[in-house]
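These values consider heavy atoms only, across backbone and side chains, with no hydrogens, waters or symmetry-generated copies.
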Amino acid sequence: MEKIGVVGLGLIGCSIARALHGKYVISGVDSNRETVAYCLENDIISEQGLASLRGAKIVFVCVPISAVERTVRQVALVVGDDAVITDTASVKGCFSDMPARFVGGHPMAGSEQSGARAAFKEMFENAFWILTGDKDSEDVKTVAQAVAETGARPVYMTSEEHDRAVAEVSHLPHMVAYALVNTVLAKRDNYGELASGGFLDTTRIASSAPDFWLAVSKANRENVLKSMDAFEAEFKKLRAYIEEDNGVRVRAYFSDGRRRRDGLMTGRRYRSEYEIYVPVRDEVGAVGKIATLIGKRGLDLKSIRIDNSREGVGGALRLGFRKLSDYEQAKELLKENDYI
């Protein structure tokens with residue numbers, strides 16, 4: 001088998017190794033000896049050390065943003081021009097003087113957990129994996145092939161376009177989540193114990209690692225600030241409508257937000273899944289009946305979860321379909337059976 005290298009055996013690096021296990025020989029590098037030992041003992045990697053990267057087809061550099069440039073140059077000294085080097089950092093425009101065979105990459109996947117023990121092979125299934133550079137170049141094609149083998153879907157952008165996009169759809173939501181938690185829970189008389197679906201769903205990502213988001217806010221500072229300014233302007237607009245007691249404008253604002261959010265179901269240019277939300281009662285067998293109904297029709301259900309489920313109240317069952325045709329058939333089937 002061909003060899004790939006993974007430098008940085010944390011959550012993302014080990015998930016890449018697990019996802020590609022059996023398809024490639026995996027060589028791993030990490031500064032933590034205990035992590036390397038764990039990965040060898042659990043068959044996550046087959047060999048270790050910088051020297052073992054020689055002969056690799058691709059090397060994935062999965063280290064913190066601040067260490068990417070230095071690490072890529074170290075890897076290039078070992079593999080020369082024989083391997084394509086790609087990274088997994090969530091900011092792309094902050095790097096300079098990279099080797100000729102470097103392809104910027106960013107898997108849009110992750111977890112609130114960290115470290116090798118939190119890794120799992122399904123991490124990238126249906127996730128977008130952004131690649132920067134000329135999509136027609138052989139090196140980008142090489143990385144895209146391996147990315148697809150993890151279950152992810154390659155998306156091609158320039159570094160500048162990527163950094164603007166993630167500032168809005170990834171970095172801003174984390175800033176908002178941290179701010180919302182501190183707004184509500186930092187007060188002495190906070191009512192956090194009463195928090196349920198809305199607050200918990202909105203702030204879930206505030207459990208992410210602070211050091212990581214500090215690095216992101218620095219590396220993509222200009223775009224993050226622009227997105228925060230835009231959010232502040234929108235929030236002030238809504239506040240003004242409420243302060244004026246202008247019910248017509250407030251309702252229109254809420255309606256526009258709902259319409260745009262619902263539009264993501266069918267209108268996205270980049271889509272990992274088509275989603276259907278089904279209200280379900282909190283009772284034994286409710287989810288199984290719906291899953292069985294979908295399965296008997298032979299529809300390709302890719303993901304399933306319950307959102308905002310609370311004992312005695314019920315929740316929304318989220319069904320994810322990769323194909324539009326399966327999504328449309330499932331929607332009709334659920335309507336026929338009075339589920340939606």
Side-chain angles (χ1 to χ4, degrees), residues 11 15 18-19 108-113 118-128 150-153 169-170 173-174 176-177 180-181 184-185 191-208 251 254-268 270-340:
L11 174 69
S15 292
R18 286 189 179 278
M108 300 287 284
S111 166
E112 290 77 43
Q113 305 301 312
F120 55 100
K121 67 179 181 179
E122 300 86 3
M123 168 77 76
F124 309 107
E125 285 188 4
N126 297 318
F128 302 128
T150 70
R153 303 183 63 184
V169 301
S170 177
H174 280 81
V176 172
L180 180 55
V181 167
V184 175
L185 302 185
Y191 298 101
E193 291 184 358
L194 297 177
S196 58
F199 184 84
L200 296 178
D201 287 350
T202 306
T203 60
R204 175 185 59 82
I205 53 179
S207 294
S208 300
R251 189 182 189 287
F254 291 161
S255 296
D256 287 344
R258 177 181 180 179
R259 173 178 53 80
R260 288 165 179 150
R261 175 61 176 82
D262 290 348
L264 287 175
M265 304 264 305
T266 57
R268 282 187 286 178
Y270 301 122
R271 169 180 298 283
S272 58
E273 291 181 337
Y274 295 89
E275 304 166 340
I276 300 176
Y277 286 87
V278 185
V280 292
R281 295 185 62 82
D282 190 0
E283 59 186 23
V284 175
V287 174
K289 289 177 182 178
I290 295 173
T292 300
L293 183 68
I294 297 293
K296 286 184 175 180
R297 183 63 66 90
L299 304 179
D300 190 8
L301 179 62
K302 286 300 180 184
S303 64
I304 183 170
R305 74 165 186 256
I306 297 179
D307 289 338
N308 303 326
S309 181
R310 292 170 290 164
E311 186 176 357
V313 180
L317 180 66
R318 178 194 175 279
L319 306 175
F321 299 88
R322 179 177 291 178
K323 297 178 182 178
L324 177 60
S325 59
D326 287 338
Y327 159 79
E328 292 175 338
Q329 290 182 60
K331 197 168 184 179
E332 288 303 313
L333 182 61
L334 292 167
K335 285 181 179 178
E336 291 170 5
N337 287 270
D338 296 324
Y339 281 109
I340 57 177

Show the numbers, then the answer: is there a side-chain contact (heavy atoms from CB on, under 4.5 Å) between L334 and L319? CA-CA 11 Å; L334 292 167; L319 306 175; 4.0 Å; yes

Contacts of type side-chain hydrogen bond (donor to acceptor under 3.5 Å, both in side chains), residue D338, not counting sequence neighbours: none

Test your reading of the model: is there a side-chain donor-acceptor pair from S15 to the backbone of K121, 3.5 Å cut-off? no

Heavy-atom closest pair, residues A177 and I205: CB-CG1, 3.6 Å

Between Y327 and K331, is any pair of side-chain heavy atoms under 4.5 Å apart? yes

Any side-chain heavy atom of P279 sitting closer than 4.5 Å to one from I340? yes

E275 versus S303: any side-chain heavy-atom pair under 4.5 Å? no

Gap separating the CZ atom of R204 from the NE2 atom of H174, nearest 0.5 angstrom: 7.5 Å

Residues forming a side-chain hydrogen bond (donor to acceptor under 3.5 Å, both in side chains) with R259, sequence neighbours excluded: D256

Just wondering, do F199 and L185 contact through their side chains at under 4.5 Å, heavy atoms? yes

Ignoring hydrogens and angles, write down the donor-acceptor pairs under 3.5 Å from the side chains of residues 288-301, residues two or more places apart or on other chains.
| unit_1 | atom_1 | unit_2 | atom_2 | d |
| --- | --- | --- | --- | --- |
| T292 | OG1 | G288 | O | 2.8 |
| D300 | OD2 | K302 | NZ | 3.4 |

Looking at CZ of R258 and CZ of R251, how far apart are the two atoms once the value is rounded to the nearest 0.5 Å? 9.0 Å

Give the minimum heavy-atom separation between L200 and A195, together with the two atoms involved. CD1-O, 3.9 Å

